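Input: a single structure, listed below in structure tokens.
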Number of protein chains: 2
Amino acid sequence: MPSFTCTASSCHPIWCSSAGKGGPDLNKQRLPNVEINGGSKRYWAWSSETLSHVSGVATLSSATSVAQNEYIAKQQLRQNIPTKKQFVDSHRQGVIIEGGVGYRQTVVIRSYEVGPDKTATVESILNLLQETALNHVWMSGLLSNGFGATHGMMKNNLIWVVSRMHVKVDHYPIWGEVVEIDTWVGASGKNGMRRDWLIRGQASGIVFAKATSTWVMMNQQTRRLSKMPKEVRAELAPWFIEKKAIQEDDPEKIVKLDNKATYVNSDLKPKRGDLDMNHHVNNVKYVGWMLETIPEDFLETHHLSSIILEYRRECGSSDIVQSLCQPDDDGILTDGIQHDNQVTNLISGFPLASEILRGNGLLGSVSLMPLRYTHLLQLNGESQKEEILRGRTTWKKKIISLSFQPN
Amino acid sequence: MPSFTCTASSCHPIWCSSAGKGGPDLNKQRLPNVEINGGSKRYWAWSSETLSHVSGVATLSSATSVAQNEYIAKQQLRQNIPTKKQFVDSHRQGVIIEGGVGYRQTVVIRSYEVGPDKTATVESILNLLQETALNHVWMSGLLSNGFGATHGMMKNNLIWVVSRMHVKVDHYPIWGEVVEIDTWVGASGKNGMRRDWLIRGQASGIVFAKATSTWVMMNQQTRRLSKMPKEVRAELAPWFIEKKAIQEDDPEKIVKLDNKATYVNSDLKPKRGDLDMNHHVNNVKYVGWMLETIPEDFLETHHLSSIILEYRRECGSSDIVQSLCQPDDDGILTDGIQHDNQVTNLISGFPLASEILRGNGLLGSVSLMPLRYTHLLQLNGESQKEEILRGRTTWKKKIISLSFQPN
């Protein structure tokens with residue numbers, strides 16, 4: 001039975017933007033064998049919760065440590081993380097696929113996961129990608145009591161950090177719809193890993209969305225990127241497959257916006273509910289900040305069809321964030337034809353009832369011009385503005401669906 | 001086979017606070033047979049999406065209407081709402097219980113549903129209550145293509161409005177834990193309905209949370225509260241049972257706060273992601289606004305153990321909301337003993353690892369004093385401030401769990 005490792009998709013950032021926290025400057029080190037997309041020098045890191053607990057325990061009294069160990073042991077009992085590879089998980093509605101290395105989960109789109117148009121929100125889709133990635137590791141039998149690190153990684157004090165994510169949505173699932181989410185992993189250079197996803201309607205088999213992401217490893221203490229140790233490679237390699245959800249032969253570089261950007265939202269503050277288990281701002285919140293900066297009337301009349309995120313650094317609960325956003329005029333039409341197959345996809349896009357009710361009718365709501373925006377999230381510090389992420393979103397106008405046949 | 005009706009737990013507010021929208025003043029009418037908790041004259045309304053669509057269609061051209069009908073028909077195919085009562089739903093992991101009238105759903109707590117302490121957030125629990133309520137109606141075979149209204153209600157142009165909700169949480173489920181959520185309905189006076197819930201750990205059988213809510217009917221067009229028509233009573237009555245999740249013989253009245261409240265948060269604005277299918281602010285967002293007004297250090301060291309919400313009116317996307325919050329000094333201890341069994345519950349409460357790491361240790365984190373807060377959300381209008389909801393929250397200090405045995 002091959003052993004397994006994997007990524008968590010959105011959990012545990014381990015470093016924070018606050019200068020006072022004293023993490024080493026990652027600009028000072030480069031690993032020639034680590035595949036870095038878009039020239040990123042910094043990454044968003046998600047650690048194992050267990051690791052951060054263990055590192056904290058050294059400073060505690062032994063009585064507290066005993067109580068904490070007991071608490072962790074009880075948590076593990078309640079979580080019931082498998083210690084052996086599982087092929088079926090009836091609670092999660094998950095099965096191992098792809099000859100034993102991929103994972104498929106059946107999910108019903110819930111009432112609170114949809115927006116005003118009854119379709120799943122982008123944030124809900126990102127949440128489901130995270131959930132299925134973690135459940136893939138869960139099934140492997142090698143998940144430590146954290147968020148995606150294997151036993152080999154724990155032993156080497158390593159955590160996963162994501163450097164890039166690309167999600168393409170052709171159709172949005174609607175409330176009550178049953179979808180299947182497949183996920184699998186592959187090699188990315190000598191030291192990285194790729195995780196892909198495919199979301200399909202269960203009844204129709206129609207592909208709703210595809211996604212790919214790139215991950216590297218980082219030492220939790222030193223905050224330095226790490227080569228993949230042999231024992232971790234031995235865990236990972238048997239699970240790697242070549243299959244790709246999205247072909248990206250030559251990913252476009254995302255330019256860095258400056259303060260001349262068309263839309264700027266400068267006073268974004270994390271709230272209590274935006275923080276994840278490491279008291280850092282959750283991945284999905286970043287996307288919310290990106291999208292909120294786009295004008296409301298555009299969001300009401302367009303569907304997001306593609307989002308690319310290049311992570312640079314994380315932000316904590318006390319940071320103030322600035323979201324910049326710039327429409328790409330040159331993205332019209334050419335993007336749809338050359339890169340994203342938008343023209344085909346548009347014909348089968350889903351309309352909003354509100355679009356119809358507004359009286360736009362069939363002709364009024366038909367448009368074949370996707371639009372693109374470039375995004376930048378950065379820390380709104382007094383002295384300097386450090387990049388959190390660069391992003392690119394591609395949109396299509398909501399149109400009446402006449403060709404889509406769900407059954 | 002008995003026919004069925006039910007409530008949606010958090011979906012479709014149909015009126016809005018904006019004076020310009022011209023809804024009739026609900027203060028002008030009272031229904032003597034409608035059970036009104038806490039003297040509320042206004043309610044938060046959740047309508048069937050189909051109803052609002054149908055009412056809009058009359059103004060459209062026939063071509064658009066045909067396209068819309070086709071779209072709705074396709075949505076229905078994709079949603080696959082049952083037309084007959086179902087006893088088992090394998091996708092939703094739901095079964096009919098309580099002699100054929102209750103519903104139980106098995107749910108795994110997802111990675112993004114937990115907060116920094118790895119336990120489910122209050123917001124996630126409220127979302128799951130909504131989801132299971134809707135799935136209960138889904139199973140009945142009588143759900144119209146909307147959010148909880150039966151065919152009889154649709155025919156009479158009626159929607160459900162919730163007047164009150166009370167949720168008690170003894171233990172918070174953790175990431176990956178499998179829970180069972182039971183829900184059922186009962187009569188509330190001659191014209192109202194009660195919906196209750198019970199959340200248990202599947203492995204342990206331990207009760208995590210209980211909840212109850214009260215609902216009445218409203219005419220969607222006139223915005224007036226309605227008696228329950230005979231045909232709707234005929235649908236509903238066979239599903240009513242007497243069982244109560246929470247005994248509330250004499251619910252306390254929640255006083256209305258004024259501007260002298262200790263904590264005031266005056267500039268709360270809904271964001272795109274906070275809006276539900278009717279472009280109104282989602283129920284759960286209200287709770288977020290209530291809790292955000294409590295000081296951060298209190299939230300970090302306390303668990304919410306009870307929340308009572310009395311809905312007065314809804315707010316829309318353009319409203320600005322004020323959240324007021326006042327600690328109840330007289331709620332200490334007596335509330336725990338007399339009303340909520342807090343003293344017993346506290347012993348088995350879950351600690352936060354951060355509490356331990358902070359060096360408070362066993363003794364430092366033990367406290368048996370629950371605290372209560374009174375809340376008010378109101379529209380922050382220029383001329384007057386209209387109530388959205390009154391609330392009460394009860395809290396217990398996070399302590400080390402030594403007595404809780406999950407297995």
Side-chain angles (χ1 to χ4, degrees), chain A residues 10-11 49 53 56 60-61 63-64 67-68 71 74-75 77-81 91-92 106 108 110-112 114-116 118 121 123 127 130-131 134 174-178 201 203 271-273 275-279 282 284 288 291-292 296 299 351 353 356-357 359 361-362 400-401 404 406-407, chain B residues 10-11 49 53 56 60-61 63-64 67-68 71 74-75 77-81 91-92 106 108 110-112 114-116 118 121 123 127 130-131 134 138 174-178 201 203 271-273 275-279 284 288 291-292 296 299 351 353 356-357 359 361-362 400-401 404 406-407:
Chain A
S10 166
C11 311
E49 191 180 35
H53 284 179
L60 301 175
S61 70
T64 310
Q68 191 201 23
Y71 175 66
K74 280 180 181 166
Q75 276 202 329
L77 265 178
R78 292 170 65 191
Q79 285 185 291
N80 199 24
I81 298 174
H91 293 311
R92 286 167 188 76
T106 305
V108 180
R110 294 178 177 172
S111 53
Y112 56 87
V114 300
K118 214 176 186 173
T121 61
E123 290 89 340
N127 280 334
Q130 166 183 321
E131 179 66 10
L134 283 165
I174 63 174
W175 172 55
E177 194 159 19
V178 182
K271 292 182 178 176
R272 191 186 54 88
L275 304 183
D276 67 14
M277 297 191 204
N278 218 15
H279 294 260
N282 183 278
V284 176
L291 302 191
E292 276 164 30
E296 186 66 29
L299 294 175
I356 303 168
L357 293 173
L362 277 165
I400 298 285
S401 168
F404 177 67
N407 280 308
Chain B
S10 165
C11 313
E49 191 179 36
H53 284 179
L60 301 176
S61 71
T64 310
Q68 190 201 25
Y71 174 66
K74 280 181 182 166
Q75 275 203 329
L77 265 180
R78 292 170 65 191
Q79 286 185 290
N80 199 23
I81 297 174
H91 293 311
R92 286 166 187 76
T106 305
V108 180
R110 293 178 177 172
S111 54
Y112 56 86
V114 300
K118 214 176 187 172
T121 61
E123 289 90 339
N127 280 334
Q130 167 183 322
E131 180 66 11
L134 284 165
W138 185 283
I174 63 175
W175 173 56
E177 195 160 17
V178 183
K271 293 181 178 175
R272 190 186 54 88
L275 304 184
D276 66 15
M277 298 192 204
N278 218 17
H279 293 260
V284 176
L291 302 191
E292 275 165 31
E296 187 66 31
L299 294 175
I356 303 168
L357 293 173
L362 276 166
I400 298 286
S401 169
F404 178 67
N407 280 309

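Here the structure is a predicted model, which means the values were calculated and not measured. Sequence lines set the chain letters: A, B, ... in the order given, protein chains first and strands last, and positions in each chain run from 1.
- For chain A, the nearby part of B:T106 is the side chain; its heavy atoms alone come within less than 4.5 Å.
- Remark: B:E177 CD to A:L77 CG distance equals 10.5 Å, nearest 0.5 Å.
- Contact annotation for B:N127: both backbone and side-chain heavy atoms come within less than 4.5 Å of a heavy atom of chain A.
- B:Y112 contributes atom OH, which lies 11.0 Å from atom CG of A:L134 (distance to the nearest 0.5 angstrom).
- B:E131 places a side-chain N or O within donor-acceptor distance of the main-chain N or O of A:S111, the cut-off being under 3.5 Å.
- Smallest separation of non-hydrogen atoms from A:Q75 and B:I174: O-CD1, 3.5 Å.
- With chain A as the partner, the residue from B:R110, B:E123, B:E296 showing the most heavy-atom pairs under 4.5 Å is B:R110.
- One N or O on the side chain of B:R92 and one on the backbone of A:G176 form a donor-acceptor pair closer than 3.5 Å.
- Contacts with chain B were tallied for A:V108, A:T121, A:N80; A:V108 has the most, counting heavy-atom pairs under 4.5 Å.
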Evaluate the criterion side-chain contact (heavy atoms from CB on, under 4.5 Å) for residue pair B:Q79 and A:K118; output intermediate values, then yes/no. CA-CA 11 Å; B:Q79 286 185 290; A:K118 214 176 186 173; 3.7 Å; yes

